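To start, the structure itself, in structure tokens.
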Amino acid sequence: MHEYETLTLTVDGRGVAICTLNRPEKRNAMTDRMLAELIDMAGRMSADPDVRAVILTGAGDFFCAGGDLSWMKQQIEADRATRMKQARGLADALFVLNTMEKPLIGRINGSAFGGGLGLISVCDVAIAPATAQFGFTETRLGLIPATISPYVLARMGEGKARRVFMSARLFPAHEAVALDLLARAVHTEDLDAAIEAEVAPYLTVASGAVAASKRLARSLGPRIEPEVIEATIKALADTWESEEARHGIEAFLTKTPPRWVR
Ligand SMILES: C/C(=C\C(=O)SCCNC(=O)CCNC(=O)[C@H](O)C(C)(C)COP(=O)(O)OP(=O)(O)OC[C@H]1O[C@@H](n2cnc3c(N)ncnc32)[C@H](O)[C@@H]1OP(=O)(O)O)CC(=O)O
């Protein structure tokens with residue numbers, strides 16, 4: 001299948017694609033390269049008439065540790081135009097994944113933080129092991145959940161989002177189910193069977209109708225309007241300009257605890 005640097009992509013004889021985030025040594029954190037490759041993958045899979053469903057998963061034990069903090073550190077040093085361009089890369093990847101013409105099934109192989117929960121939120125269904133942990137950890141880093149927020153809010157609503165966004169509290173898989181981030185939490189050994197059960201219906205139903213019903217659900221559900229996305233891009237570029245983000249990211253990368261002034 002297609003060669004990527006940060007992803008692996010295979011398609012089996014049934015038309016089931018498996019896209020794996022493949023930076024396990026960095027807990028599959030998302031770089032600009034990975035975002036561009038996800039956009040390319042989504043375009044290819046949407047356009048391929050032989051593909052009936054796409055499974056999104058991660059290599060190793062962690063699903064995705066969110067935005068790559070070394071990449072974010074570069075944005076802190078960058079000028080405003082670069083920050084906006086890079087923030088847009090993240091927003092674009094989420095938008096393109098959310099609007100894929102194929103079912104996107106999250107085989108959430110482990111924990112997910114920050115932007116990793118954005119990836120989960122653009123899946124049509126996501127299932128994880130009951131032992132996985134989740135958290136919108138941005139405020140620990142002086143950052144905010146920005147580009148991911150429209151997709152997360154569409155799932156859990158404002159009230160629940162405020163609580164988990166602001167506190168950065170880690171929560172277990174069963175709470176992620178209650179928040180509508182996950183459809184189910186299963187024993188690790190049952191994960192592949194649960195994913196297979198989600199894939200099976202797509203092998204027989206009409207692909208055009210699947211794509212149309214996904215478009216309809218999106219258009220009738222909470223609106224992901226261009227101005228909302230623009231606001232999230234500006235918010236991420238703004239947060240990269242903050243002293244808190246500079247300090248929080250530096251503390252993470254140098255493996256020291258952050259010392260918040262207030
Ligand atoms: C999308 C938006 C915002 C964000 O996503 S902000 C980022 C949110 N993510 C986090 O807060 C996760 C930070 N990472 C951790 O807390 C831990 O690393 C972990 C994921 C819990 C894993 O812990 P573990 O003990 O298993 O492993 P290490 O800590 O030793 O990590 C291994 C290796 O991976 C590197 N790494 C982990 N996460 C990241 C990351 N997000 N970015 C870059 N690198 C990461 C870590 O540095 C280690 O690397 P070494 O070279 O081996 O030191 C904004 C929006 O919404 O718009």
Side-chain angles (χ1 to χ4, degrees), residues 6 21-35 38 58-76 83-98 108-122 128-129 131-156 161-162 164-173 181 224 228-242 244-258 260:
T6 67
L21 310 176
N22 195 25
R23 298 184 74 219
E25 73 288 356
K26 297 288 182 188
R27 306 300 183 257
N28 301 318
M30 294 181 285
T31 57
D32 51 350
R33 177 70 184 234
M34 185 185 282
L35 297 170
L38 282 169
D61 295 336
F62 212 91
F63 173 61
C64 176
D68 184 288
L69 291 162
S70 297
W71 165 70
M72 291 215 184
K73 183 178 176 183
Q74 290 168 19
Q75 310 325 316
I76 285 174
R83 285 181 183 134
M84 289 292 284
K85 180 166 176 275
Q86 294 292 322
R88 191 175 301 282
L90 187 46
D92 286 350
L94 293 168
F95 186 83
V96 168
L97 289 168
N98 193 53
I108 311 305
N109 54 300
S111 301
F113 289 0
L117 282 161
L119 289 182
I120 291 175
S121 297
V122 297
T131 50
Q133 292 274 310
F134 301 91
F136 295 91
T137 50
E138 284 89 342
T139 59
R140 293 181 183 189
L141 296 155
L143 295 167
I144 57 169
T147 57
I148 65 170
S149 55
Y151 307 98
V152 176
L153 281 160
R155 289 181 171 271
M156 65 177 72
R162 283 200 207 184
V164 286
F165 278 6
M166 291 159 65
S167 66
R169 176 175 65 81
L170 297 191
F171 51 88
L181 291 165
I224 313 272
V228 172
I229 290 170
E230 286 304 312
T232 68
I233 292 166
K234 183 174 173 303
L236 181 54
D238 285 347
T239 198
W240 282 335
E241 279 170 33
S242 73
E244 285 191 341
R246 180 181 293 275
H247 176 68
I249 290 173
E250 189 64 32
F252 177 80
L253 293 175
T254 56
K255 302 184 192 296
T256 55
W260 304 113

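Indexing begins at 1, ligand by ligand and atom by atom, following the structure's order. Not measured: the values here are computed from a predicted model.
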**Shortest non-hydrogen separation from W240 to I76 and the atoms involved** = O-CG1, 3.2 Å
**Request:** Enumerate the residue pairs fulfilling salt bridge (Lys or Arg N to Asp or Glu O under 4.0 Å) with a member in residues 141-154, sequence neighbours excluded, ordered by first and then second residue.
**Result:** none
**Prompt:** Sub-3.5 Å donor-acceptor pair from the side chain of S242 to the main-chain atoms of A245, do we have one?
**Reply:** yes
**Asked** Judged by atom type as modelled, is there a donor-acceptor pair below 3.5 Å linking the side chain of S121 to the main-chain atoms of L117?
**Response** yes
**All side chain to side chain donor-acceptor pair (under 3.5 Å) counterparts of R169, not counting sequence neighbours** = E175
**Fill in**
Per the under 4.0 Å non-hydrogen criterion, ligand 1 touches E25, K26, R27, A29, F62, A65, G66, G67, D68, L69, M72, L90, F113, G114, G115, T137, E138, L141, L143, I144, P145, A146, T147, I148, L236, F252, K255
**Asked** Can you name the ring-ring contact (aromatic ring centres under 6.0 Å, His included) partners of F62, sequence neighbours left out?
**Response** F113
